[in-house]
Protein chains: 2
Amino acid sequence: MTEDKVKKIKMTPQRAAILKYLDGNTSHPSAETIFEAVRKKYPMISFTTVYNTLQTLKDLDRVRELNIDDERKRYDPNVNIHHHLICTNCRKIVDIRMDFPLNVPDEKAQGYMISGRHVEFYGLCPKCRNKKKNNY
Amino acid sequence: MTEDKVKKIKMTPQRAAILKYLDGNTSHPSAETIFEAVRKKYPMISFTTVYNTLQTLKDLDRVRELNIDDERKRYDPNVNIHHHLICTNCRKIVDIRMDFPLNVPDEKAQGYMISGRHVEFYGLCPKCRNKKKNNY
DNA sequence: CCGTTAATATGTAATTATTACAATATAATA
DNA sequence: TATTATATTGTAATAATTACATATTAACGG
Ligand SMILES: [Mn+2]
Ligand SMILES: [Mn+2]
Ligand SMILES: [Zn+2]
Ligand SMILES: [Zn+2]
């Protein structure tokens with residue numbers, strides 16, 4: 001009875017290159033970063049294809065879109081629940097692999113049906129801490 | 001010894017109107033929403049002034065910028081720490097006034113100096129739940 | 001192996017949010 | 001009331017993302 005709509009997609013060299021770049025990648029790249037990286041190996045790829053592919057991968061739950069950076073969307077091939085720590089200076093994002101007790105009692109949920117959660121931490125990464133220190 | 005740099009700003013009718021609209025507002029409006037709202041009372045205000053004022057208020061910690069909506073920035077005059085619940089369908093954002101135990105042990109912080117945190121919950125708001133229900 | 005075709009890639013244009021800038025106006029101060 | 005630093009405005013520029021038309025191709029069946 002489970003509708004396993006295994007939507008199948010064509011495997012193209014472009015998609016393969018993007019998937020390969022993303023596989024195991026924990027750097028939370030933007031579309032542009034992905035484009036530039038993939039372009040090195042596959043110079044004829046178009047930016048639009050990167051966006052299209054990311055949309056497709058989102059639909060397939062192969063990639064998660066993060067709105068944690070105020071300038072651009074970031075993408076994360078790790079779709080398991082985990083949280084993030086972002087540098088307020090250089091925007092480097094790292095994973096926080098921890099569970100937090102985040103139960104919202106019904107009276108606080110205001111009728112919403114809660115289906116997901118995400119904790120963002122802000123701070124200074126080691127590099128930026130040093131820069132600020134030696135900055136007088 | 002405390003440097004209370006009470007930066008003072010000029011009080012203008014535009015700023016007063018924006019502040020009045022924001023005061024106690026829990027709707028997490030976008031710049032455009034603020035502009036449209038303020039414009040009704042003060043039709044000659046410019047969009048740029050709204051952006052400028054929001055920037056100023058951010059600098060003064062009178063307003064907090066939220067990156068929770070993937071299409072546009074949202075603004076929150078409540079700068080006390082609290083968390084949010086966003087409707088994945090209509091993007092309505094409501095407050096969650098709760099504390100969560102969010103201690104990150106040093107070995108998980110990867111050298112970052114953590115200075116802030118924010119929990120985002122995703123779900124369907126009551127209206128959108130009903131819409132989906134009556135949607136066959 | 002082809003041939004067919006729906007799905008995909010590409011290049012470019014359009015859209016949208018936000019910022020930059022230069023000219024004008026004005027709140028605060030003396 | 002004059003001065004001036006600061007703010008407002010209108011417009012142009014920037015930047016991320018999406019839309020769209022056309023060309024290409026992966027996958028499937030014969
Ligand atoms: Mn991650
Ligand atoms: Mn809030
Ligand atoms: Zn940093
Ligand atoms: Zn909703």
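So that the names make sense, note that chain A is the first sequence line, chain B the second, and so on, each numbered from 1. Keep in mind it's a predicted model, so treat the numbers as computed, not measured.
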Worksheet, complete the sentence: A:L57 CG to C:dT8 P, in whole Å, measures 11 Å
Worksheet item: Tell me: CG of B:D59 to C1' of D:dA7, nearest whole Å?
Response: 14 Å
Discussion item. Are A:I114 and B:L124 linked, directly or through intermediate hydrophobic residues, by side-chain heavy-atom contacts shorter than 4.5 Å (ILVMFWY only)?
Written reply: no
Worksheet item: Which residues, if any, of residues 28-53 of chain A bring a heavy atom under 4.0 Å of DNA chain D?
Response: A:T48, A:Y51
Between side-chain atoms of residues 37-45 of chain B and protein atoms elsewhere (two or more places apart, or another chain), which donor-acceptor pairs fall under 3.5 Å?
residue	atom	partner	partner atom	Å
B:R39	NH2	B:E36	OE1	3.4
B:R39	NH2	B:E36	OE2	3.4

Worksheet item: Between A:E71 (CD) and D:dT14 (P), how many Å, whole number?
Response: 16 Å
Item to complete: Could you check how far CD1 of B:I18 sits from C1' of D:dT9, rounded to whole Å?
Response: 13 Å
Fill in: B:Q55 CD - C:dA17 C1' separation (whole Å)
15 Å
Practice prompt. Provide, to the nearest angstrom, the distance between the CG atom belonging to A:L54 and the C1' atom belonging to D:dT17.
Written response: 12 Å
Worksheet item: Does C:dT19 have OP1 or OP2 sitting under 4.0 Å from an N or O in the side chain of B:K73?
Response: yes
Discussion item. Side chains of B:T33 and B:S30 only: does a donor on one sit below 3.5 Å from an acceptor on the other?
Written reply: yes
Discussion item. Hydrophobic cluster membership, with links at side-chain heavy-atom distances under 4.5 Å among I/L/V/M/F/W/Y: are A:F35 and A:L57 in one?
Written reply: yes
Worksheet item: Within a radius of less than 6.0 Å around CZ of B:R91, do more than 12 heavy atoms belonging to other residues, nucleotides or ligands occur?
Response: yes
Worksheet item: Taking all atoms of both residues into account, what is the closest heavy-atom pair of A:C87 and B:Y112, and its distance?
Response: N-CE2, 3.6 Å
Discussion item. Between P on D:dT14 and CZ on A:R72, what's the gap in Å once rounded to a whole number?
Written reply: 16 Å
N/O-N/O pairs, protein side and nucleotides 26-30 of chain C side, under 3.5 Å:
residue	atom	partner	partner atom	Å
C:dT26	O2	B:K10	NZ	3.2
C:dA27	O3'	B:M11	O	3.2
C:dA27	N3	B:K10	NZ	3.4
C:dA28	OP1	B:M11	N	2.9
C:dT29	OP1	B:K8	NZ	3.3

Worksheet item: More than 12 heavy atoms of other residues, nucleotides or ligands under 6.0 Å from NZ of A:K127: is that the case?
Response: no
Worksheet item: How about B:H84 and B:D76: does a side-chain donor come under 3.5 Å of a side-chain acceptor?
Response: yes
Practice prompt. Treating Ile, Leu, Val, Met, Phe, Trp and Tyr as nodes and any side-chain heavy-atom pair under 4.5 angstrom as an edge, say whether B:V63 and B:V50 lie in one connected cluster.
Written response: yes
Discussion item. Rounded to whole Å, please give me the gap between CG in A:D69 and C1' in D:dA16.
Written reply: 12 Å
